[in-house]
Amino acid sequence: MAEKTMRLDRFLTEMTALTRTQAKEAARKGRLTVNGVPVKKADGKIDPAADTIALDGAVIPYQAVEYYMLNKPAGVVSATEDGRYPTVLDLIGEKRRKDLFPVGRLDLDTEGLLLITSDGALAHRLLSPKKHVDKVYYLRYEGRLPEDVCGRFREGMVLEDGTRCLPADFEPGERTETGGEARLTLREGKFHQVKRMMEMIGCPVTYLKRLSMGSLVLDESLRPGEYRPLTEQELEELTRS
Ligand code: URA
């Protein structure tokens, strides 16, 4: 039983945007109740799964972990804090809990699927180089594709600094006068990998968007900057893979 309990101030700092000092202050001012009973101190133990905690009368739901799918827009960084640019967590809003983080990174100018969670174990599994989780990107490029483009990606490309990439699937799409569009499936996540691979074939990327990661597919009804919780099914499939 004992391991199921936690301090009230820790519950508040994890489930809300309150700091520990603010939690203490809220209790002192009589703003907090546990099972309807006002508490004056925030250092007591509660059972988050069984007790009902409310702040100013509003119940704070307990979730051990949270999962959101974000359609990352260009111009925000995939980090928890940044001195220059807004972060993907700023998009989740002021009331977010503080243990959320993005799973992996997309470049500042890359759009598309980003999983935001507080589940470190799942993030570790999805990012592990040994797991080879598929990541599908849509891209637009400039220039003309070489004849053997699919083969060059399939056999494992060597980047400009000698780094060898795992085999990847390149599917050319529509062509324009100056370039075209394509889908690229990678099974790893090296720094600027899509852009560097496309540079190697002489076709620099002009637009990049991640469409999926493992079983998780970007919900196209989310506009850039919008997010939603994962559905039960998405979560089940993701944790099973
Ligand atoms: N590859 C890149 O070059 N950039 C990204 O943001 C993701 C993959």
Side-chain angles (χ1 to χ4, degrees), residues 68-82 84-92 100-117 122-143 145-146 149-150 152-173 179-220 222-227 238 241:
Y68 298 103
M69 170 191 294
L70 169 74
N71 185 357
K72 178 193 170 298
V76 298
V77 280
S78 308
T80 51
E81 6 177 277
D82 191 80
R84 272 178 80 191
Y85 296 99
T87 73
V88 287
L89 291 187
D90 293 329
L91 297 169
I92 306 293
L100 291 175
F101 60 90
V103 178
R105 282 172 178 264
L106 293 177
D107 295 339
L108 185 66
D109 58 354
T110 301
E111 295 185 0
L113 177 69
L114 196 61
L115 174 64
I116 311 273
T117 185
L122 176 67
H124 186 72
R125 278 212 308 285
L126 289 172
L127 297 175
S128 163
K130 289 191 195 135
K131 288 278 179 183
H132 300 169
V133 172
D134 277 14
K135 280 155 285 242
V136 181
Y137 294 88
Y138 164 84
L139 62 94
R140 292 199 282 269
Y141 60 86
E142 269 172 2
L145 295 173
V149 61
C150 295
R152 285 187 60 185
F153 279 97
R154 209 178 309 117
E155 69 200 14
M157 196 175 280
V158 179
L159 299 178
E160 76 294 346
D161 63 355
T163 306
R164 179 171 280 282
C165 299
L166 288 173
D169 295 327
F170 187 85
E171 295 168 55
E181 57 179 22
R183 273 176 187 242
L184 181 60
T185 304
L186 302 184
R187 296 179 179 92
E188 57 190 338
K190 299 187 193 305
F191 187 59
H192 297 323
Q193 187 167 351
V194 174
K195 291 174 186 165
R196 288 161 75 201
M197 287 174 124
M198 293 300 292
E199 287 283 346
M200 289 307 289
I201 59 163
C203 295
V205 168
T206 56
Y207 174 80
L208 184 58
K209 176 178 178 179
R210 184 157 63 192
L211 303 177
S212 67
M213 182 177 190
S215 61
L216 191 63
V217 179
L218 179 66
D219 178 343
E220 289 289 347
L222 294 173
R223 284 175 305 202
E226 290 185 339
Y227 69 96
L238 201 58
S241 54

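Note that ligands are numbered from 1 as they come in the structure, with each ligand's atoms numbered from 1 the same way.
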* Which atoms of ligand 1 sit under 4.0 Å from any heavy atom of Thr110? -> 4 (N), 5 (C), 6 (O)
* To do: Establish, from distance only, whether the side-chain atoms of Glu111 and Tyr207 form a donor-acceptor pair under 3.5 Å.
  => yes
* To do: May I ask you to identify the nearest protein heavy atom to atom 4 (N) of ligand 1, giving residue, atom name and distance to one decimal place in Å?
  => Asp107 OD2, 2.8 Å
* Heavy-atom nearest neighbour in the protein, as seen from atom 1 (N) of ligand 1, with distance rounded to 0.1 Å -> Val194 N, 3.1 Å
* Asked: Is there a donor-acceptor pair closer than 3.5 Å between any side-chain N or O of Thr206 and the backbone N or O of Glu142?
  -> no
* Just wondering, more than 12 heavy atoms not from His124 lying within 6.0 Å of its NE2? -> no
* Would you call Lys72-Asp107 a salt bridge at under 4.0 Å N-O? -> no
* Asked: Does a salt bridge link Glu220 with Lys209, judged by any charged N lying under 4.0 Å from a carboxylate O?
  -> yes
* Looking only at heavy atoms of Tyr137, does any of them come nearer than 4.0 Å to an atom of ligand 1? -> yes
* To do: Check whether any N or O atom of Arg196, backbone or side chain, sits under 3.5 Å from an N or O atom of ligand 1, and answer yes or no.
  => no
* **Proximity to ligand 1 by part of Leu208, non-hydrogen separation under 4.0 Å** => side chain
